[in-house]
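Okay, so here's the structure we're looking at.
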Amino acid sequence: MSERAAGDFFDRLELELRAAADRGPRRVPRPRPAFAVAVAAVAVAVVVALAVLGGEREPRVAGGAPGVPPVGTVIERGGEKHTVVATGTSGRVGRWQLETYRSTRLADPDTGEEYQPAGLRCLGVFSSDPPSGRPFGGGQCGEFPRTPGFSRVQHSVYGHGGHVASVLVFGRVPDDASKVKVVLRTKGGLWKGMKPLTGPPGQGDFYLFEIPPGVEGRVNWLDRDGNEGSRGIELLPP
């Protein structure tokens, strides 16, 4: 998605959120997908499609962004080996890359109580040159047992002045997923959808959305028939 298109989307959504706040809370039913989406392999690319009030825009495919390592590259961060599994550009975030890695053991230095065991699967998002000039990185380790094969991680991206400019929602996707959607609780039940990002061999598939800060919602995956593939996962509270 171009930076201009992403900016237009954020501007429209912010106006909609202000109008919704003036009207007070309103319960909005979740939209149902109107058709099935065929599986498409997308390597070294990010595909972001917007589905607004049931209408769908054609996605713009952005190839491996310049300045980021290609998919499959193994790099070292803090003594850990990370594998780049997806790269792209998005709205106010700029160039980003998803990386898989394994957790290290974390424990209380005084009591020895273990907070995190070693060897868990982890997924993180990183950027060394965002438009704000504030490099970012962060992720999550462990599984989501209530949604096998599907996960939800969130990372706040800070802009100029130290405020949260955007929130990245990303995670793993089951092999039989044809699409991933995030439903934002706004007037009309705005939702965004995308085809899964195909990672290198043995790494699986992934997704990433950029949403405005302070928005509630839910993310889930769809099968080949357009049906929700799991119970879904709520976004973290704003």
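For the single chain, residues carry numbers from 1 onward in sequence order. Basis for what follows: all heavy atoms, side chains included, without hydrogens, waters or symmetry-related copies.
- Considering only heavy atoms from C-beta on, Trp96 stays 4.5 Å or farther from Glu210 through its side chain.
- Partners of Arg77 by salt bridge (charged side-chain N to carboxylate O under 4.0 Å, His left out), not counting sequence neighbours, listed by chain and number: Glu99.
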Taking it one step at a time, do Leu235 and Arg218 satisfy side-chain contact (heavy atoms from CB on, under 4.5 Å)? CA-CA 5 Å; Leu235 300 182; Arg218 176 175 174 271; 5.9 Å; no

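- Looking at heavy atoms from C-beta onward, Tyr101 lies out of side-chain contact with Thr83 at the 4.5 angstrom threshold.
- Of the possible donor and acceptor atoms, none in the side chain of Thr198 sits under 3.5 Å from a partner among the backbone N and O of Asp205.
- In this structure the side chain of Val157 never reaches within 4.5 angstrom of the side chain of Val164, judged on heavy atoms.
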Under the side-chain contact (heavy atoms from CB on, under 4.5 Å) criterion, do Leu184 and Ile211 qualify, and how do the steps go? CA-CA 9 Å; Leu184 305 179; Ile211 65 172; 4.1 Å; yes

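- For Tyr158, the OH atom is loosely surrounded, since the number of other residues' heavy atoms within 6.0 Å does not exceed 12.
- Thr100 has its side chain within reach of Arg172: a pair of non-hydrogen atoms, C-beta onward, lies under 4.5 Å apart.
- Here the closest non-hydrogen pair linking Ser178 and Pro196 is O-CD, 3.5 Å.
- When all heavy atoms of Phe206 and Gly199 are compared, the pair lying nearest together is CE1-CA, 4.1 Å.
- For Arg121 and Glu143, the salt-bridge test passes: some basic side-chain N is under 4.0 Å from an acidic carboxylate O.
- Contact annotation: the side chain of Pro130 approaches that of Phe136 to within less than 4.5 Å [non-hydrogen atoms, C-beta and beyond].
- Ring centroids of Phe126 and His82 are separated by less than 6.0 Å, placing the two rings close together.
- Side-chain atoms of Thr147 come within 3.5 Å of backbone atoms of Phe150 as a donor-acceptor pair (strictly under, hydrogens ignored).
- Taking the side chain as every heavy atom from C-beta outward, Arg185 and Val215 never approach each other to under 4.5 Å.
- In this structure, Pro200 and Val71 approach most closely via the heavy-atom pair CD-CG1, 3.6 Å.
- Evaluation of the side chain to side chain contact (heavy atoms under 4.5 Å, CB included) rule for Leu120 yields Ser103, Gln116, Pro117, Cys141 as partners, not counting sequence neighbours.
- Panel note: side chain Arg102, backbone Cys122; no donor-acceptor pair is recorded below 3.5 Å.
- To the nearest 0.5 Å, the span separating NE2 on His163 from OG on Ser132 amounts to 9.0 Å.
- A side-chain donor-acceptor contact under 3.5 Å links Asn220 and Ser230.
- Between atom OG of residue Ser156 and atom CG of residue Leu168 there is a gap of 8.5 Å, rounded to the nearest 0.5 Å.
- Under 4.0 Å is where a charged nitrogen must lie from a carboxylate oxygen, and between Asp129 and Arg95 at least one such pair does.
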Check against side-chain contact (heavy atoms from CB on, under 4.5 Å), Phe209 and Val167: CA-CA 8 Å; Phe209 293 102; Val167 176; over 6 Å; no

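- Looking only at distances, no side-chain donor or acceptor of Asp108 sits under 3.5 Å from a matching main-chain atom of Gly112.
- The one candidate from Val219, Leu208, Val180, Leu197 that meets the side chain to side chain contact (heavy atoms under 4.5 Å, CB included) condition with Phe170 is Leu208.
- Closest approach of Gly159 and Ala165 over heavy atoms only: N-CB, 3.9 Å.
- If you check the side chains of Thr87 and Gln97, you find no donor sitting under 3.5 Å from an acceptor.
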side-chain contact (heavy atoms from CB on, under 4.5 Å), that's the test. Do Leu98 and Val84 meet it? Break it down for me. CA-CA 6 Å; Leu98 292 182; Val84 178; over 6 Å; no

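- Residues that satisfy the salt bridge (charged side-chain N to carboxylate O under 4.0 Å, His left out) test with Arg105, not counting sequence neighbours, are Glu114.
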Can you list the steps and then say if Lys179 with Glu228 is a salt bridge (Lys or Arg N to Asp or Glu O under 4.0 Å)? CA-CA 9 Å; Lys179 193 171 187 178; Glu228 293 197 338; over 6 Å; no

